[in-house]
Structures are given as structure tokens and as C-alpha cells.
Participant: 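First the structure, which I've put down as C-alpha cells, then a few questions once you've had a look.
Indexing begins at 1, ligand by ligand and atom by atom, following the structure's order.
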Amino acid sequence: MRPATVLLPAALAASSAAAQGVRILQTNDDGWAESYLREMHSSLLAAGHDALVSGPAENQSGTSSRDAEPEPRTEPCQFDSCAANSGPVGSNATDPRLNWVNSFPVTSLKFGFDTFAPQVWGPGAVPDLVVTGPNIGSNLWLQVPFSGTIGAAAESVKNHGVPALAFSGLTATHNRWDVSPVPLESTLYAQLATKLTNAVIASGTPYLPEGVFLSTNFPKVSSSRCSKVDDFKFVLTRINPFGFSGPDAPHCGGDTSLPTETEVVLNPTGCFVSVSVADASDKTTAPADKQAVVIEKLGDFFTCM
Ligand SMILES: *[C@@H]1O[C@H](CO)[C@@H](O)[C@H](O)[C@H]1NC(C)=O
Ligand SMILES: *[C@@H]1O[C@H](CO)[C@@H](O)[C@H](O)[C@H]1NC(C)=O
């Protein structure tokens with residue numbers, strides 16, 4: 001049984017009526033108090049989802065799949081978001097959906113599953129989906145193995161059996177959760193990530209084939225060109241260049257070689273988002289049979305370049 005649903009202002013609740021609300025566990029590697037993560041949280045709540053954050057107490061960028069028992073903190077968390085000597089894990093004093101872990105992204109995810117999910121959703125409750133990021137900065141090809149945002153998504157699939165979506169944005173600005181005004185990139189990346197999240201959910205369960213996650217990169221935000229959700233098109237991509245693996249599943253008129261992420265997000269003729277089907281075991285391009293399932297489910301969502 002689902003406990004109390006998220007309370008939303010009437011207008012937000014009405015606008016989200018079309019999407020089915022599900023339980024989403026969020027983490028990142030830039031820190032629990034970063035604006036990108038918090039805007040994503042607000043955006044998921046506004047879309048009617050039951051979202052919960054368990055993120056690292058500070059910047060853990062580049063920590064891949066590292067995992068270690070959290071140590072008690074002596075210093076305040078990132079941006080003074082927790083007091084000094086607050087212990088190894090903690091929560092926002094008034095909002096139990098916002099939690100930190102004094103360790104790596106993968107460890108934060110574990111505490112999300114084992115500690116915070118049961119606290120907020122009830123005993124034995126598990127998320128329907130894990131969403132990581134948006135990461136501050138890209139996670140393209142050679143960057144992928146080092147990213148904690150990617151590491152946590154892979155961990156969710158491999159060791160928790162829960163489908164995962166990793167998001168990263170090329171515009172890289174660090175801001176505290178309560179920055180005012182909220183930067184355009186924080187809001188826009190959150191809206192774009194929510195759009196894909198909703199499409200994955202609308203495609204029905206199982207949301208993704210076994211053993212894979214989606215790794216998405218957003219191009220740079222520009223107030224003159226790429227400034228609102230409808231400016232952006234989503235393109236199915238591969239992580240490593242064709243030749244390292246392939247062929248890909250037929251897509252866009254039967255083509256069996258997908259573009260690389262880099263080609264897509266740096267394409268100057270538009271605002272293109274890359275979405276790769278990633279193998280959770282080695283964080284490379286997933287095999288064609290897995291890509292084919294994603295194309296079957298989400299084909300209409302993608303644009304051909
Ligand atoms: C976060 O950590 C990464 C890796 O150590 C570093 O490159 C980046 O500058 C840090 N960000 C901030 C805001 O300190
Ligand atoms: C904690 O939550 C409250 C209420 O939502 C908010 O005003 C405050 O900024 C949050 N602080 C942190 C560090 O998350």
C-alpha cells in the first residue's frame with residue numbers, strides 16, 4: 001500500500017494528472033545540496049512522483065562506483081547544508097525526503113534503499129525507478145567510467161534490480177540548493193530530465209530491459225537558442241564509437257550504427273540531447289537486443305538526425 005501521497009498545490013497536481021506517479025529514489029555525485037539535484041527533485045514532485053533524495057554530504061564527483069561505510073562528520077556539509085558534528089548520515093530537519101550520507105554516491109544510493117526508503121515510504125518499500133543527477137558537467141564516452149552519477153545508476157541496476165536513468169548536463173554551474181534566482185540551466189535540465197523520465201514511465205513496466213540503464217547528456221543551455229524544453233530534441237546514441245562494438249539495433253530507417261553522444265550534444269545545428277542504452281555491468285554501449293527493446297518502447301520519443 002502506498003502511504004500518503006505528496007501534497008501538491010492544486011494547479012501542479014492538475015497539470016500532472018496525465019503522468020502516473022511512481023516512487024523515485026534520487027542521488028548524484030555533486031552533493032545533496034546542489035541546485036541541479038534539488039530542482040530535479042522539485043520537478044519530479046511537481047510531476048506527481050513520490051521522489052526521495054539520498055545524496056552525498058559533499059561533492060563526490062569522479063568517484064565512480066566507490067563504496068565505503070560513512071564516517072561521522074566533523075565539519076558542516078556542502079554549502080553549510082548540515083551543522084558540524086552531525087553524524088555519518090542525516091536528513092533535512094523539516095523534510096524527510098531530503099537526506100545526506102557522508103560517503104560516495106553508490107553508498108548514498110544504498111542508504112536510500114536500506115534506510116530512507118523504508119522511513120519515508122514504509123517498511124519494505126522499494127523505489128520503482130532510480131534517477132541520478134543531473135550531473136554538473138558532461139558524462140561522455142571516456143568520462144563515463146569515472147562518474148559517480150553513472151556509478152550509482154549502474155549500481156541500482158546491478159545490485160538492486162531497479163531500473164535507472166542517469167542525467168548529465170554540459171553547462172556546469174555549481175549553486176547551493178536555495179540559490180535565488182534559480183539559474184536557467186538548473187530548471188531546464190530538471191524539466192528535460194523529467195520529460196524523459198515520464199516517457200519511460202509511460203512506456204510501462206518493465207521500464208527498461210534487464211541489465212541496462214539510460215545515460216543521457218544535455219547540450220549547453222543558451223538563453224538565446226537552447227532555452228526552453230521544446231527547443232530540445234532527444235536522439236538515441238551509443239557511448240563508445242562504432243567499431244568498439246556494434247552493430248546497433250536498427251533505428252531511423254534501418255540504420256545499424258547510432259551516432260555517438262559527442263556528435264549529438266555538440267551538433268551546432270540544434271539543441272540535441274543524447275540518450276544511450278548502457279550496459280550496467282561495464283558502463284559501455286548495451287548490446288543490440290537491449291537497444292531494440294528501448295526502441296520498441298520509446299521509438300517515437302526520439303528524433304532522427
Ligand atoms: C568537485 O570535485 C571535482 C573532482 O574532485 C572537482 O573537479 C570539482 O571542481 C569540484 N567542484 C567544486 C564546486 O568544488
Ligand atoms: C530543508 O527543508 C526546508 C523546507 O523545505 C527548506 O526551507 C530548507 O532550505 C532545506 N534545507 C536544506 C539544507 O535542504
Participant: Which of the numbered atoms in ligand 2 are below 4.0 angstrom from a heavy atom of S81?
Facilitator: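 That gives atoms 13 (C) of ligand 2.
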
Participant: Is a side-chain donor-acceptor pair under 3.5 Å present for Q143 with N139?
Facilitator: no

Participant: Looking only at the side chains, is there a donor atom on one of D29 and Q60 sitting less than 3.5 Å from an acceptor on the other?
Facilitator: no

Participant: Answer yes if the side chains of T27 and S54 hold a donor-acceptor pair under 3.5 Å, and no otherwise.
Facilitator: no

Participant: Could you say whether the N/O atoms of N59 and ligand 1 ever approach to under 3.5 Å?
Facilitator: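 The answer is yes, given that N59 and ligand 1 share an N or O pair closer than 3.5 Å.
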
Participant: Tell me: protein heavy atom nearest atom 5 (O) of ligand 1, and distance?
Facilitator: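 Result: S61 O, 4.3 Å.
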
Participant: Would you call R97 and D50 a salt bridge, taking side-chain N to carboxylate O under 4.0 Å as the test?
Facilitator: yes

Participant: Considering only the protein, which heavy-atom contact is closest to atom 9 (O) of ligand 2, and what is its distance?
Facilitator: W177 NE1, 2.8 Å

Participant: Would you mind listing which atoms of ligand 2 come within a distance below 4.0 Å of any non-hydrogen atom of R38?
Facilitator: 12 (C), 14 (O)

Participant: Does a donor on one side chain sit under 3.5 Å from an acceptor on the other, for K110 and S103?
Facilitator: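 No, no side-chain donor-acceptor pair sits under 3.5 Å.
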
Participant: Between D178, N99, T94, L98, flag the one that comes closest to atom 4 (C) of ligand 2 by a heavy atom.
Facilitator: T94

Participant: Is atom 7 (O) of ligand 2 close to the protein, meaning a heavy atom under 4.0 Å from it?
Facilitator: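 Under 4.0 Å from atom 7 (O) of ligand 2, zero protein heavy atoms found.
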
Participant: As a test of the contact definition, would atom 2 (O) of ligand 1 count as having a protein heavy-atom neighbour under 4.0 Å?
Facilitator: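 Flag for atom 2 (O) of ligand 1 set to true, protein heavy atom closer than 4.0 Å.
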
Participant: I want to check a possible cation-pi pair here: R238 against W141, using under 6.0 Å from ring centre and within 45° of the ring axis as the test.
Facilitator: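 Cation-pi check for R238 and W141: fails.
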
Participant: Looking at D178 and R176, does any basic side-chain N land under 4.0 Å from a carboxylate oxygen?
Facilitator: yes

Participant: Any non-hydrogen protein atom below 4.0 Å of atom 11 (N) of ligand 1?
Facilitator: yes

